Amino acid sequence: MKIIIVGAGFSGTCTYLLLRKLLPPSPSPHIVVIYDAHDPREAGASPGAPDLLMPQLGADLQDSAPIVGNIISLSPVAMRLLKYVDTKLYDKFKARSYVNRHFTFMSARGHTLGLVPAGDDKLPVEYTVSCPRYDSWRWLHETVGYDTIQYRRVTDVDLTGEKPIVRFDDGGEDDADLVVGADGVRSVVKRALFAEEANKYDPVFEGFCGVGGFMNVDIPLSVTKDESMVLTFGPAGSFGYCSAAPLAQGKISWWSNWGSPTPPDGNIMDPREIRKQLQARHGTWKDPFIQSVIAQSTTDRIYSVWTTPDLPRWGEKGAVLLGDAAHTLQATSGSGANQALEDSVTFCLLLSHYLGNGEPADSELTARGVTDLAIKGLYQIRSPRVASIRNRMRRLYITSSRIESTLVEYLWYLLLYLWTNSPFISRCYTPNSR
């Protein structure tokens, strides 16, 4: 079987590694090819220079829509899956990221609403780790191999013939038994799958925007005291920050989210205007570190939060969607990379099973029949969980408008307090609570 993977973000690279690991022996060796539009070596970035990478790549990263603040957090479940995918990749994330042992929830008025453990209940305990997106992207490409990934831009996928055909911007094309669309919120593969329903499944603006960046500073006590990711909520939105690397590196990631009836016209804005807007939203908030961020911010990027509508299927005709291509979640959920990993592991296990890894292969089952069974199983297993996470995150923000009533503001804080201190309510709202 020949498999083409479009996109070398989390879902694409992990799918590649898993297929090489799990696909059963075959008289004709399996071929797995992975394409991505961007080569991180050409961005000229180094671990200490995020601004060299992100402005060049911006919203065009194939893995997903930009995460507000350009930070990725991996839950304990995701870390265990990453270890299953590739132990060397897991070791990179564990050693080079910051290990958050708690989430600290604050109100804009300075109240501590809750301190929630960020670890699981298994031994050895895994915790939520945080790292810059540009670093995670580099580690993924290093592990797969820069020479393995073919850096070509996919512009179209044809699913009308016996085999899917992938076409590139250089005029070339390639065919396969299966095309894996791991190419993000504006997926080319998704567009081919729903070609007869144009625009119906285009990304949807969630009513929120965000801004964020990195700072090289002494890590504040609010992070180091409980080894926390700090999340503050107020009438004009939310503000979060965490260490983006081991403490010795002194790198903080921060992000601010707010409601907006329409997306911005572009993602570039004068840094002075961004500081002015940050001051308007958060200038009276009690956390001194938030005030320090506002004073020092130099970012010129803002992002709108887009999600993928619920799709009636995640694949057919020899093509399957994984990660953001199938179900872009709210950037504020912190679940995009986690769900991409779950997709990759689920699909690769199903595909290897139907190819004969789990039981004797059905000699009459064609390559198309095998992929159809794996795609159907993926959708049945994964789509309810993804829908649940999206709905829980929408409950977390009671409105996308500014809260003008002090009473409503305090009622929201009460809800957040109950959420962070009641296991039952927490299960209703927390994206990775099960």
Side-chain angles (χ1 to χ4, degrees), residues 4-7 9 11-12 37 59-67 153-161 163-167 169 178-209 259-267 303-333 335-336 339-340 342-343 346-347 368 371-372 374-395 397 400 431:
I4 289 176
I5 301 170
V6 181
S11 52
D60 205 20
L61 280 172
Q62 281 196 319
D63 176 45
S64 77
I67 299 297
R153 182 181 295 276
V154 174
T155 56
D156 184 45
V157 178
D158 184 351
L159 301 177
T160 60
K163 288 187 174 184
I165 297 175
V166 172
R167 297 193 174 96
D169 64 349
L178 172 66
V179 172
V180 177
D183 50 340
V185 61
R186 303 187 186 280
S187 168
V188 173
V189 182
K190 184 182 74 174
R191 187 177 66 208
L193 277 168
F194 297 99
E196 297 179 359
E197 302 168 273
N199 304 323
K200 185 175 181 179
Y201 299 110
D202 284 351
V204 175
F205 177 59
E206 278 286 310
F208 288 90
C209 296
S260 174
T262 58
D265 293 333
N267 69 338
Y303 302 108
S304 46
V305 178
W306 299 85
T307 60
T308 300
D310 291 335
L311 302 179
R313 58 192 179 278
W314 288 357
E316 63 179 359
K317 301 177 183 177
V320 64
L321 304 175
L322 300 180
D324 282 354
H327 49 69
T328 310
L329 296 168
Q330 300 93 330
T332 49
S333 73
S335 297
Q339 297 311 305
E342 291 187 24
D343 283 356
T346 302
F347 181 72
R368 179 63 58 86
T371 57
D372 285 347
I375 292 167
K376 181 179 179 180
L378 172 73
Y379 187 76
Q380 291 175 338
I381 293 169
R382 294 282 302 129
S383 61
R385 172 161 166 76
V386 171
S388 174
I389 291 172
R390 180 185 290 116
N391 292 335
R392 277 180 274 168
M393 284 308 303
R394 283 174 177 157
R395 290 191 211 111
Y397 289 87
S400 60

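FYI, side chains are in, hydrogens and waters are out, and symmetry mates aren't considered; it's all heavy atoms of this structure. Keep in mind that this is a model prediction, so the values were computed, not measured.
Checked against side chain to side chain donor-acceptor pair (under 3.5 Å), Thr371 has no partners two or more places apart in sequence or in another chain. Judged as a side-chain contact (heavy atoms from CB on, under 4.5 Å), and not counting sequence neighbours, the contacts of Ala326 are Trp314, Leu321.
Closest of all the heavy-atom pairs between Phe205 and Thr262 is CE2-C, 3.4 Å. Considering all non-hydrogen atoms of both residues, Pro164 and Arg368 come closest at CD-NH2, 4.1 Å. Between Ile389 and Gln339 the shortest heavy-atom distance is CD1-NE2, 3.3 Å. Of all the heavy atoms in Ile375 and Ala319, the pair that sits closest is CD1-O, 3.4 Å. Considering all non-hydrogen atoms of both residues, Ile5 and Ala182 come closest at CG2-CB, 4.5 Å. Closest approach of Lys200 and Pro309 over heavy atoms only: O-CG, 4.3 Å.
Panel note: side chain Asp343, backbone Arg382; no donor-acceptor pair is recorded below 3.5 Å. Tyr201 places no side-chain N or O within 3.5 Å of a backbone atom of Pro312 that could act as its donor or acceptor partner. In this structure a side-chain-to-backbone donor-acceptor pair under 3.5 Å is present from Thr308 to Thr328.
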Chi angles and distances behind the side chain to side chain contact (heavy atoms under 4.5 Å, CB included) call for Glu316, Leu193: CA-CA 7 Å; Glu316 63 179 359; Leu193 277 168; 3.7 Å; yes

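The CZ atom of Arg191 sits 10.0 Å away from atom CG of Asp202, with the distance rounded to the nearest 0.5 Å. Considering CG of Asp183 and CZ of Arg153, their distance stands at 11.0 Å, rounded to 0.5 Å.
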Atom pairs and distances, side-chain donor-acceptor, residues 154-161, under 3.5 Å, sequence neighbours left out:
from: Thr155; atom 1: OG1; to: Arg167; atom 2: O; distance (Å): 3.4
from: Asp156; atom 1: OD2; to: Arg167; atom 2: NH1; distance (Å): 3.3
from: Asp158; atom 1: OD1; to: Thr160; atom 2: N; distance (Å): 2.9
from: Asp158; atom 1: OD1; to: Thr160; atom 2: OG1; distance (Å): 2.6

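Between Val188 and Val6 the shortest side-chain heavy-atom distance does not fall below 4.5 Å.
Between Glu196 and Lys317, none of the side-chain N atoms (NZ, or NE/NH1/NH2) sits under 4.0 Å from a carboxylate O, so this pair counts as no salt bridge.
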